[in-house]
Each structure stands twice: as C-alpha cells, then as structure tokens.
Amino acid sequence: MKAKRVRLILMGVGVLALLCLFEVRAFYLQTLSRDRFLQRAKRQYYARVVIPSKRGRIMDREGRVMAVSLLVPSLYAVPFEVTDKGRAARLLSEVLQVSPSAIEGKLSSNRHFVWIKRHASPQEFEKVRELGIRGIDAVKEPKRFYPYRELASPLLGFVGVDHQGLEGLERAYDKWLRAPAVEMVMERDALGRLISLPLEPDTGGPWDLRLTLDVRVQYILEKELERGMIEAQAKRAVGVIIDPFTGEILAMASLPSFNPNCFSQYPPERWKNLCTMGLFEPGSVLKPFLIGAALQEGIVGRNDVLFCEGGRYHVGPVTVRDVKAYEWLTVEEILQFSSNIGAAKVARAMGAYRYYRYLRAFGFGRATGVGVPEEEGILRPPRNWTLVDLVTLGFGQGMVCTPLQLAVAYSVIANGGVRVNPYVVKEMVRVRDGKRRASFPQPGQRVLSRETCRVLMEMLERVVAEGTGKKASLEGYPVAGKTGTSQKYDPEEGRYSRERFVASFVGILPSRRPRAVVVIMLDEPKRSIYGGEVAAPIFKGIARELVQYWGLPRRGKMTLLADGRSL
Amino acid sequence: MRAVLFGLLLILSGLLLLTVVRIKALHLKYEISGLQQEKGELMRRKKELELELALLTSPAEIERRAKAELGMRYPRAHEVIVIGVER
C-alpha cells in the first residue's frame with residue numbers, strides 16, 4: 001500500500017516536473033523569444049509583393065495610343081551565386097550583344113544584386129533562360145513604348161529607365177501619369193502561393209491623357225514640313241496647327257526630331273520642343289498685328305496712302321529698306337507687298353505705348369499657359385524703346401516670340417477678335433475608376449473688333465491671292481496668310497547677320513469659317529531666304545491634304561461624294 | 001446527460017460549419033487570385049494589342065506599305081477631278 005502511495009507521489013512529482021518544464025519552455029517561447037518567433041511566423045505566412053510603377057497612356061483626340069507602358073523582363077544577377085563567372089559572361093555577351101568584360105565586371109562585384117540588362121527583349125529573356133545559368137534571373141519592369149516613333153516626339157517627351165517623365169508632356173504631367181511602385185504585404189499558404197492578390201492600392205493615379213492632337217494632322221504637318229526643310233536646305237523647321245476658336249492644338253512639330261523609344265541615341269538639342277521653347281524674331285508676320293491695331297485705333301484706314309520713300313528710309317542711324325523700291329502704297333498694299341518702310345511709318349504713327357499694349361494683348365511677351373514647358377519670349381517695355389526700336393518692331397525685328405505665340409495671335413484675327421488660351425490636354429481619365437477631368441476652351445480677352453478682323457482677313461487674303469504669299473494659294477479654297485523673312489541676330493558680331501535668316505508663313509485655312517491657323521518657320525534656309533518662297537509652299541502642301549482629310553467644300557460649290565451624299 | 005450530448009453535438013456541428021466556411025473562403029480567395037491574375041494578363045495583352053494596332057495603323061506605316069506592297073502613289077495634279085455643283 002505504502003509502495004503504491006510512493007509510486008503515486010513520484011508520478012505526481014514527475015508529471016509536475018514535466019509540466020514545469022513545459023511551462024518554462026512555453027515562457028521561453030512566448031515571452032523571452034516572442035518577437036523572434038513572431039517574425040519567423042510572419043515570414044512564413046506573409047509575403048511582400050511589389051506592384052511595379054504604373055504609367056497612364058497618352059492618346060490623341062481620337063483615342064489612338066501614342067505612348068503606352070508594358071511590363072518587360074529586366075535581367076539581373078546575384079554575383080555570389082554565379083560560380084563560373086567567365087563562362088557566364090561569355091554566354092550572356094553572345095545573347096545580349098554586350099562585351100564579355102563588361103558583364104564579367106558586374107559579376108565580379110561584391111554587391112548582392114547587379115543589373116545585367118534592364119528592359120531586355122522577350123527573345124533575349126528566353127535565350128538567357130534557356131542558358132540556365134545559376135544566379136541569373138529576371139524581374140518584370142515597365143517600359144514605355146511610343147508606337148508612332150518620331151511623330152510629335154518633342155511634344156510627348158520621354159521617360160527615364162525608372163519610368164519617370166524626363167521631357168515634354170511626360171515630364172509636365174508626370175504626377176498625373178505616374179503611379180509609383182507600391183509594396184504590399186500578402187497572406188500566403190504553406191506552399192508559398194499567394195492567397196488572393198492585392199486590390200489596386202488607392203494611390204490616386206495613374207491617369208490616361210487624351211490630347212487635342214490629331215495623329216493624322218500631325219503626320220501631314222511633319223511630312224510636308226520635312227519635305228520643305230530638305231528642299232529649302234534649312235537647319236530646323238517648326239510647325240503649329242491650332243483651332244482658332246477653341247485654342248486646341250491639332251499638331252505641333254519641331255524638326256529634326258528624335259525617336260523617343262531610343263532617345264539617348266540623339267543629341268539633346270533635338271529633344272527640345274521648338275514650338276514652345278524656340279525663340280524667333282517674327283519679322284514681317286508681325287505686320288498684321290500692327291496694321292490691325294492701327295485700324296482698330298482709327299490711326300489709318302484700309303485705303304489710306306503712305307509714301308514708301310522709294311525703297312530707302314533713314315531713321316536716325318538706321319536705314320530701313322524694302323525688297324522693291326515702292327513709292328506710294330495703300331495700307332492694304334503695305335501688307336500685301338510686305339513693305340518695311342510702310343510698316344515703320346504706321347508704327348511711328350501708332351506710338352510705342354499703344355503698340356506695346358496691343359502686342360501684349362495679342363499674347364506676346366507672356367506665357368500662353370499651354371501646359372508644357374514654354375518660353376515667354378522677349379518684348380521689352382516701351383519706356384526702354386528708342387525710335388529705332390519702335391520702327392524696327394513695326395516689321396517684327398527687335399523682339400522674340402515662340403511659334404505657338406504667333407499661332408495664338410493669328411487666332412485672334414481668324415476667330416473675330418478674341419485671344420484664345422491654347423491647350424494640348426483635352427481630357428484626363430483615371431485608369432482605376434474612369435473618373436474624368438476635361439479641359440474646355442477658356443474665353444479670352446477681346447483684342448480687336450469683329451469688323452477690324454473682317455477687314456484684316458480680306459487684306460490677308462490678298463496677300464495670298466496677289467502678294468508675297470502667292471505660293472500658299474490653294475485652288476478652290478479661300479486662304480489668308482502672311483509671309484515673313486527675319487534676320488537672325490549674331491551675338492558674336494553684335495549685329496544682325498547677313499547670311500542667316502528665318503523664313504516663315506502663317507496661314508488661315510480656310511479664311512471663311514476658319515478651321516485652322518498654321519504656322520510654318522524655317523530656320524536658316526539656304527535655297528531661298530524668303531518666307532514666300534520656301535515656307536508658303538509648305539503651307540500649301542499641308543492645306544491641300546487637310547481640306548481632303550476634313551472634307552472641306554470648295555468655294556462656292558458643294559462637293560459630291562460618289563454615293564451622292566454631299567459634304 | 002442528453003442535454004450534454006446535445007450541447008456537444010451542437011458545438012461539433014458549429015465547428016464543422018466553421019471549417020467548411022473557412023475552406024470555402026480559402027477556395028474563393030484562390031479563385032479571386034486566379035481571376036485577378038487572369039485580368040492582369042488580359043490587361044497586359046490588351047495593351048500589347050493596342051501597341052500593335054498603333055504600329056500597324058500609323059500613317060507612316062500605311063503609306064510605306066501602300067507604296068511598297070500595293071504600288072500605290074499620290075495622284076498627280078491632272079489626275080484629280082473635283083466633282084462639284086454650284087451652291
């Protein structure tokens with residue numbers, strides 16, 4: 001009996017000791033090592049998932065995709081896992097067309113992770129995978145593609161290797177287009193499979209951009225501009241097409257341009273959008289604003305006659321010259337034949353302050369607010385003008401502006417007197433939920449009366465029909481416009497160059513119920529320096545295609561289609 | 001005793017139901033995961049097709065193929081006749 005009791009006691013002690021042992025172990029695990037084991041459990045149950053950075057698309061006004069991001073493989077190496085570095089480098093170099101020494105250098109690095117090639121092609125990825133080299137792997141990274149290649153590239157800009165906007169719209173709208181990479185913690189099962197993927201995190205973006213641009217119009221502009229630039233042997237060419245009533249930019253070209261898919265292969269000066277960043281002295285294309293302002297103020301009438309001094313007019317130390325020795329010209333003829341002397345005399349009659357006020361109202365010397373990086377131009381305040389400055393500004397020398405500013409200013413004439421605010425992003429659509437933010441034409445300031453614009457348009461029609469802009473005329477369609485030829489300032493010589501010019505033409509198509517204002521500028525043309533000779537034909541080529549594309553009816557006629565419908 | 005047994009049965013049924021619901025939820029999670037992956041793939045494919053479409057329908061590409069493959073060219077001035085009537 002006693003032995004039985006002893007056994008029972010011993011057993012009880014044993015069980016108690018065992019329980020104490022468990023208790024101690026449990027205390028150790030749950031209290032002393034709690035954090036360590038909690039971390040280990042979390043590592044087993046949860047996985048970190050990186051949702052790569054996303055970027056919205058850029059589309060034209062018809063929804064044609066101009067820029068889109070796709071996930072592509074980027075190859076990397078974990079150097080200490082690569083056993084035979086020399087062999088690996090040799091095999092990789094054959095596939096990736098990179099020197100073996102460059103790859104071996106990377107593989108010999110002390111780092112835990114090195115990029116071998118970012119944004120590799122699917123073919124390269126497959127070949128590398130087939131090689132089966134231990135320590136070489138790939139992750140998917142977003143890459144930007146521009147399917148229209150050079151088309152509108154200075155406006156679109158491009159992104160860097162980390163998907164950040166570096167130039168153009170890509171840079172200006174980076175905060176809308178880009179949704180940064182997000183790291184999320186996800187539950188996983190015993191086999192390491194993720195249990196349900198994360199829902200898209202609410203980071204706001206990305207947004208798709210729908211532009212006012214029309215890819216077809218852009219193509220027409222670039223094709224004709226390139227042809228004209230080559231024919232004129234010009235250094236650069238710039239073109240803008242804008243809707244004069246809404247301010248929507250339909251096309252914007254700056255040549256020579258670049259392919260944004262491989263932008264680093266081009267010199268950086270090609271990346272610049274000369275339509276908004278290029279500064280040019282406008283030359284004679286500025287004269288319609290002087291004449292318009294003078295008509296508006298009642299300083300001159302359309303048929304008033306001015307003496308043009310037989311081609312030479314002395315103002316202080318400067319001699320103003322005309323291309324031909326004109327004697328008496330009406331105000332209309334001053335515009336038609338682009339007389340500098342006539343313009344100089346109108347400018348004198350106008351006075352510095354009044355002229356300056358009109359130039360500012362037309363939009364010169366201030367940013368247009370188009371939404372992409374732009375220059376304001378230089379228009380000095382009139383208190384600093386001398387008489388020579390006033391006179392030369394009459395025919396567009398002594399100030400600089402961007403081609404877009406010119407387009408906006410001509411829109412005033414085309415739309416009946418109101419300055420429009422140009423814009424290039426028509427709408428933004430949030431990818432996540434389709435939320436829209438649309439841009440609408442903003443009512444601008446009235447600059448000229450409707451009547452003054454009507455008279456001015458008739459005068460500009462005559463410039464094309466009978467004046468310096470004859471080569472812009474298009475049979476069957478009324479066209480208004482003005483030619484320009486300006487000397488470039490040579491900072492080395494400290495005076496205007498006698499060899500380097502800017503030839504330009506600004507046209508309104510058609511002049512009755514205008515659809516577009518077209519600005520063409522050629523920098524340093526060699527074949528001829530005159531806007532009427534080299535820029536006006538480019539406008540004609542563009543206009544010819546645009547009237548077909550838009551189906552504009554010929555003057556006084558109704559165009560019939562083959563099926564009997566009328567346009 | 002009967003009440004105890006009934007209570008145990010109830011608890012066991014509850015636990016069984018809970019297990020079934022949890023398993024179902026897990027299956028649904030896997031299904032959602034699969035569908036989300038599929039959606040991601042389809043979205044990716046859509047973007048690839050959009051890119052391909054843009055490449056094939058770019059005006060430059062159409063013009064190039066029209067000239068090279070179909071032998072087309074722009075009409076000359078005398079080859080264009082505008083059909084019109086006086087308004």
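So you know, we letter chains A, B, ... as the sequences are listed, proteins then strands, and number each from 1. The shown structure was predicted, so the numbers you read here are calculated from the model rather than taken from an experiment. Values below: every heavy atom of this structure, side chains too, minus hydrogens, waters and symmetry copies.
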Practice item. With a 4.5 angstrom heavy-atom cut-off, could you sort out which part of Val65(A) is near chain B: side chain, backbone, both or neither? Key: both

Check your understanding: How long is the gap from OH on Tyr219(A) to CD on Glu63(B), to the nearest 0.5 Å?
Key -> 3.0 Å

Check your understanding: Lys46(B) and Arg57(A): which non-hydrogen atoms are nearest, and at how many Å?
Key -> NZ-NH1, 4.1 Å

Review point. What pairs meet the side-chain hydrogen bond (donor to acceptor under 3.5 Å, both in side chains) rule with one or both residues in residues 60-70 of chain A, with sequence neighbours excluded?
Key: Asp60(A)-Arg64(A), Arg61(A)-Glu248(A), Arg64(A)-Asp214(A), Ser69(A)-Arg144(A), Ser69(A)-His163(A)

Check your understanding: Taking only residues two or more places apart in sequence or in another chain, which ones pass salt bridge (Lys or Arg N to Asp or Glu O under 4.0 Å) with Lys471(A)?
Key -> Glu533(A)

Check your understanding: What is the distance from atom CZ of Arg45(B) to atom CG of Leu70(A), rounded to the nearest 0.5 Å?
Key -> 10.5 Å

Study note, to complete from the structure: Most contact-rich option vs chain B, by heavy-atom pairs under 4.5 angstrom, among Ile220(A), Leu151(A), Val68(A), is Val68(A)

Revision key, fill the gap. So OH of Tyr74(B) and CD of Glu545(A): to nearest 0.5 Å the spacing works out to 4.5 Å

Review point. If you draw a 6.0 Å radius around CD in Glu69(B), do more than 12 non-hydrogen atoms from other residues or ligands fall strictly inside?
Key: yes

Practice item. Under 4.5 Å, heavy atom to heavy atom: which of residues 5-21 of chain B reach chain A? Give them by number, or say none. Key: none

Point to revise | Flag if over 12 foreign heavy atoms under 6.0 Å of CZ, Arg22(B) | key: no

**Study point:** Residues of residues 48-59 of chain B contacting chain A, heavy-atom criterion under 4.5 Å, by residue number
**Key:** Glu48(B), Glu50(B), Leu51(B), Ala54(B), Leu55(B), Thr57(B), Ser58(B), Pro59(B)

Review point. Does a sphere of radius 6.0 Å around CD in Glu226(A) hold more than 12 heavy atoms from other residues, nucleotides or ligands, not counting ones at 6.0 Å or beyond?
Key: no

